[in-house]
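Note sheet for the following structure.
Values below: all heavy atoms of this structure, side chains included; hydrogens, waters and symmetry mates excluded. To find a chain, count down the sequence lines: A is the first, B the second, and so on, and within it residues start at 1.
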Protein chains: 2
Amino acid sequence: MTGDQERDVKRIEARAEAARTNLFGRMAAIYAASRKQAQDLLQVGGGISIVEWRTLWDLHEGGPMTIGDLALTQSTDHSQLSRALPQMRQKGLVSMRQAAQDGRQTIVSLTDRGREAYQCAMPIMGTRRACLGDVFTKAEMEELIGFLDRFEAFVRRPAKDILWKEEVE
Amino acid sequence: MTGDQERDVKRIEARAEAARTNLFGRMAAIYAASRKQAQDLLQVGGGISIVEWRTLWDLHEGGPMTIGDLALTQSTDHSQLSRALPQMRQKGLVSMRQAAQDGRQTIVSLTDRGREAYQCAMPIMGTRRACLGDVFTKAEMEELIGFLDRFEAFVRRPAKDILWKEEVE
DNA sequence: AATAAATACGTGACAAGTCATATATTTTCT
DNA sequence: AGAAAATATATGACTTGTCACGTATTTATT
């Protein structure tokens with residue numbers, strides 16, 4: 001009974017080591033670290049948020065687009081943009097207008113001030129990508145992206161599929 | 001002027017395609033999907049949260065440990081555990097007591113009910129890992145983990161390092 | 001021994017995601 | 001044309017993660 005209540009450092013270390021090879025757990029920690037690094041960098045690059053940076057970048061590269069386009073490009077929920085865009089408009093970074101052809105859509109465009117904000121953050125975020133390019137060769141990066149494609153396909157499977165599949169076997 | 005205000009579908013599609021090879025952006029979307037899948041599965045496996053599942057699992061494998069041990073094993077902030085553990089104790093899943101050797105520490109242990117909750121969720125989460133094993137060979141998985149080790153080392157670099165490095169070059 | 005520094009944990013505030021639901025506008029069907 | 005279905009966006013509620021700061025306890029220093 002008492003033995004079960006004891007803290008066993010070796011056993012705990014073994015557990016931590018096992019966790020290192022758990023892809024799901026690793027993704028959580030790695031993404032959290034990646035996000036924090038981006039936030040820190042953007043603090044230097046004009047004090048904008050990650051969502052704002054993505055939006056400036058997408059609008060700069062893709063030109064004016066709807067909120068749905070932005071959500072699709074960023075693989076995120078449109079609600080995140082619904083919340084961020086009014087603030088960005090207030091800061092003068094983007095302009096928004098109802099689409100002429102389809103009144104449900106909102107067309108978002110970069111303003112001059114938005115372009116300035118992009119130019120301010122871009123070198124910093126570009127440096128980051130350049131540094132990442134020193135960590136992986138082109139071939140390795142392609143391989144990693146390929147792995148991630150497969151992993152993403154897996155995690156997008158509905159929970160049902162995963163449970164059913166095992167039942168059948 | 002008007003041209004700049006037009007939504008250009010081809011250009012937007014090109015932007016979305018470019019985003020596919022952006023590791024940072026991909027990580028965000030993939031982890032979000034992974035988390036959602038885990039939440040859905042845990043809904044079936046006893047209705048526990050991800051933090052609760054991790055904690056049950058770690059305690060089951062690693063035995064009684066401190067809150068700090070749990071945070072380290074899960075590579076997460078201790079605050080997350082500080083919030084989750086009182087609820088878990090209230091549900092009767094874990095017991096907590098002040099460490100004898102060090103009064104600052106709290107030793108967390110699995111209760112019988114906690115073991116039951118683990119046994120309930122484990123088959124489902126185990127099935128998930130088994131299914132992932134069908135997606136990657138052992139060698140591929142090792143390679144992927146190796147890539148992630150390197151990526152993690154990169155995203156854990158302080159923002160300063162990344163900016164300074166480029167200045168020097 | 002007394003003080004200073006480090007450590008463990010609790011808690012408030014926030015960012016970035018998710019979903020569900022509501023509303024306005026289009027599109028489709030009869 | 002009118003009704004029904006689909007779509008685009010807004011919004012509230014929630015989870016998972018971060019940091020900063022406060023307090024209690026332990027360890028180190030003088």
Starting the side chain at C-beta, find the nucleotide from [options] nearest to [X].
| X | options | value |
| --- | --- | --- |
| A/Ile50 | C/dC9, D/dG17, C/dA16 | C/dA16 |
| B/Ala32 | C/dC9, C/dA16, C/dT18 | C/dT18 |
| A/Gln39 | C/dC19, C/dA15, D/dT16 | C/dA15 |
| B/Asp77 | D/dT16, D/dT11, D/dT18 | D/dT18 |
| A/His78 | C/dG17, D/dA10, C/dC19 | D/dA10 |

Atom [atom1] of [X] and atom [atom2] of [N]: how far apart are they, to the nearest Å?
| X | N | atom1 | atom2 | result |
| --- | --- | --- | --- | --- |
| B/Arg156 | D/dT18 | CZ | C1' | 12 Å |
| B/Met27 | C/dA16 | CE | P | 17 Å |
| A/Leu81 | C/dA16 | CG | P | 12 Å |
| B/Asp69 | C/dA8 | CG | C1' | 11 Å |
| A/Leu70 | D/dT9 | CG | C1' | 13 Å |
| A/Gln74 | C/dA15 | CD | C1' | 15 Å |
| B/Gln43 | D/dC14 | CD | P | 14 Å |
| B/Leu72 | C/dC9 | CG | P | 11 Å |

Find out whether [X] and [Y] are in side-chain contact, i.e. whether some heavy atom of one side chain is under 4.5 Å from a heavy atom of the other.
| X | Y | answer |
| --- | --- | --- |
| B/Arg15 | B/Arg11 | no |
| B/Phe24 | B/Val155 | yes |
| B/Asp149 | A/Arg26 | yes |
| B/Arg20 | A/Ser75 | no |
| A/Glu143 | B/Phe147 | yes |

Is the distance from OP1 or OP2 of [N] to the nearest side-chain N or O of [X] less than 4.0 Å?
| X | N | value |
| --- | --- | --- |
| A/Arg54 | C/dG17 | yes |
| A/Ser79 | C/dC19 | no |
| A/Gln80 | C/dG17 | yes |
| B/Lys36 | C/dC19 | yes |
| B/Thr66 | C/dT7 | no |
| A/Arg35 | D/dC19 | no |
| A/Tyr31 | C/dG17 | yes |

* Start at the 5' end of DNA chain D and walk down; is the nucleotide closest to A/Ala33 or to A/Ile67 reached first? ->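 Looking at DNA chain D, the more 5' nearest nucleotide goes with A/Ile67.
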
* First of A/Ala28 and A/Arg83 reached from the 5' end of DNA chain D, by closest nucleotide -> A/Arg83

* Derivation of the side-chain contact (heavy atoms from CB on, under 4.5 Å) call for A/Met96 and A/Ile107 -> CA-CA 6 Å; A/Met96 292 158 74; A/Ile107 306 266; over 6 Å; no

* To do: Scan residues 86-108 of chain B against DNA chain D and write down, sorted by residue number, each residue with any heavy atom closer than 4.0 Å; if none is found, say none.
  =>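 Residues of residues 86-108 of chain B under 4.0 Å from DNA chain D: B/Asp102, B/Gly103, B/Arg104.
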
* Asked: Is there a donor in the side chain of A/Thr66 and an acceptor in the side chain of A/Asp69, or the other way round, less than 3.5 Å apart?
  -> yes

* Asked: If we ignore angles and hydrogens, is there a donor and acceptor under 3.5 Å between the side chains of B/Gln37 and B/Arg128?
  ->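 A pair is found: one side chain offers a donor N or O, the other an acceptor, under 3.5 Å apart.
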
* Asked: So what does B/Ser82 hit on the nucleic acid, given a heavy-atom distance under 4.0 Å: a base, only sugar-phosphate, or nothing?
  -> base

